[in-house]
Amino acid sequence: MSTHRQHTHGHSHRHYGEAMLSVEDALERILAHFHRLDAEDTPLLHALGQTLAADAVARHDIPPLDNSAMDGYAIQAADARGASADTPVTLRVDGAVAAGELPTVAVTPGAAVRIMTGAPVPDGADAVVPFEDTDEMQRRADGASLNEIAIRYEVGAGDDIRPAGQDVRKGQCVLGAGALLRPAEIGVLASLGYDTVSVVRRPVVAILATGNELLEPGDAYEPGKIYNSNTYSIAASVARYGGIPKLIGIARDDLPSMNASLREGLDSDMLVTSAGVSKGDYDMVKDVLSQHGEIDFWSVRMRPAKPLAFGALNADGGRKVPLLGLPGNPVSALVAFEQFGRAAIRRMLGKPDAANPTVSAILDEPIYNNDSRRVFARAIIRRENGVYRAALTGDQSSNLLTSMARANGLAICPEDLSVKQAGETVQVQMLDWTEETF
Ligand code: AMP
Ligand code: MG
């Protein structure tokens, strides 16, 4: 293994025409092939995580009318002047208004209207007195008449009234094109009365596994074979980052099978393959991909996931379908997808370019870097005494998929350092947040 690494270090790998690319260069070249997709109308609740394709404009004020912030009594503030617990002011109750109703009586001097939170404020009233500042409870307890009410505190004009248009004005652009739709934005759109919304559509990402050794989960186990995991981890990643995975199965390591499979992916927005980019399969894959388009085979200055293929396949009507060829080892495939596939999906969804959220953490143990690549070490991040600390998941071989399952972040040792020592601060790209992380 290590002799192989020595041999392939630098620019000398006989299979790769190009020099080693930095992660940033690879990302830039990849992203140059992706742009924001077109708009589609989608039911509001399906739009979570998508971005708005057009400004959302308010068709009415929110709130639509002046309304009460409290359950209480709408009055004229001047009537409560001088009111206190010892010197309450008693007003006549002329009616009531509930949320969703329009008031049927106006408030006149010396009178009040019982009002519920959210109910429109009657004409004539300029303040609401909450129940707890009246003697209503006492009257109910005493069985006394509710045709009158005693006000026990002074109020100012406008108190506990929420003015029309306080949140949103009719005609206002409430959410601009490009806005990310989180639960709050979904709620805002609902409050504007939108049941469908124009969003940047989700990319369809075709996913192809390659290899003679692969069985599909559910197939009877056969000695010498392994179950295809890459399709599923990558499809799950695609879905997680907002794309629509399209599983197109397994291609065998031969030209006809690869050809047939690749065609299945040509109606997608991006095709992601796994395996076949390392030494053993490279020549065949290069041949078949070259028949379908222009593909480059790269060495990326990273560990895991050094070998990577990228290019564009020719589809019907002159359309080009970007192809991202991930390495076969399950951890390599996922780590490369986090760096490159995720970014491509975000671009297509109209989201800003950004890696996973990154935190600084103190290393429990060293990360070694023996060949000047950027190491993405599987790490378990926890918070201790207010700081993040990073433990590694153990053996960092790229075939150990369960170690990826135990990791919640990728701790980075830069390419120009031979080691990040225990106690040093590392940058960690978070894969997720759990309760333990905080
Ligand atoms: P290759 O790139 O074909 O040399 O594959 C590298 C390693 O990844 C080999 O051990 C393969 O068996 C393994 N591998 C390739 N494809 C998959 C897959 N879809 N699921 C799990 N392991 C895979
Ligand atoms: Mg293979």
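Heavy atoms only: backbone and side chains are in, while hydrogens, waters and symmetry mates are out. Treat the numbers as computed from the prediction; the structure is a model and nothing was measured. All ligand and atom numbering here is 1-based and tracks the order in the structure.
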**Student:** I want to check a possible cation-pi pair here: Arg59 against Tyr194, using under 6.0 Å from ring centre and within 45° of the ring axis as the test.
**Tutor:** yes
**Student:** Measure from atom 15 (C) of ligand 1 to every heavy atom in Ala333, Ser398, Gly328, Ala209 and give the option owning the shortest one.
**Tutor:** Gly328
**Student:** Would you check if Leu323 and Phe310 make a side-chain contact, meaning some heavy-atom pair closer than 4.5 Å?
**Tutor:** no
**Student:** Please determine, by modelled atom types, if Glu101 and Thr104 share a side-chain donor-acceptor pair under 3.5 angstrom.
**Tutor:** no
**Student:** Return the closest protein heavy atom for atom 17 (C) of ligand 1 as residue, atom name and distance.
**Tutor:** Asn230 ND2, 3.2 Å
**Student:** May I ask you to check if ligand 1 and Pro327 share an N or O to N or O distance below 3.5 Å?
**Tutor:** no
**Student:** Quick check on contacts: which atoms of ligand 1 are under 4.0 angstrom from a heavy atom of Asn228?
**Tutor:** 18 (C), 19 (N), 20 (N)
**Student:** Students should be able to answer this: which protein heavy-atom is nearest to atom 12 (O) of ligand 1, and at what distance?
**Tutor:** Glu213 OE2, 2.5 Å
**Student:** In terms of heavy-atom contacts, does OH of Tyr153 have more than 12 from other residues, nucleotides or ligands at under 6.0 Å?
**Tutor:** no
**Student:** Counting from 1, what ligand 1 atoms have a heavy atom of Ser278 closer than 4.0 Å?
**Tutor:** 1 (P), 2 (O), 4 (O)
**Student:** If you measure from each heavy atom of Ser229 to ligand 1, is any distance below 4.0 Å?
**Tutor:** yes
**Student:** Which bit of Ile226 is near ligand 1, meaning a heavy atom under 4.0 Å away: side chain, backbone, both or neither?
**Tutor:** side chain
**Student:** Provide, to 0.1 Å, the distance between atom 3 (O) of ligand 1 and the closest protein heavy atom, together with that atom's residue and name.
**Tutor:** Asp281 OD2, 2.8 Å
**Student:** Applying a 4.0 Å heavy-atom criterion (strictly less than), which segment of Asn399 is in contact with ligand 1: side chain, backbone, both, or neither?
**Tutor:** neither
**Student:** Numbering the atoms of ligand 1 from 1, which are under 4.0 Å from a heavy atom of Ala275?
**Tutor:** 1 (P), 2 (O), 3 (O), 15 (C), 16 (N)
**Student:** Side chains of Ser418 and Asn369: is there a donor and an acceptor less than 3.5 Å apart?
**Tutor:** no
**Student:** Do the side chain of Asn329 and the main chain of Ser332 share a donor and acceptor less than 3.5 angstrom apart?
**Tutor:** no
**Student:** Has Arg383 got its NZ or CZ under 6.0 Å from the middle of the six-membered ring of Tyr388, at an angle within 45 degrees of the ring axis?
**Tutor:** yes
**Student:** Could you tell me if Glu216 and Tyr232 have a donor-acceptor pair between their side chains, going purely by distance under 3.5 Å?
**Tutor:** yes
**Student:** Specify the protein heavy atom at minimum distance from atom 10 (O) of ligand 1: its residue, its atom name, and the distance to 0.1 Å.
**Tutor:** Asn329 OD1, 4.1 Å
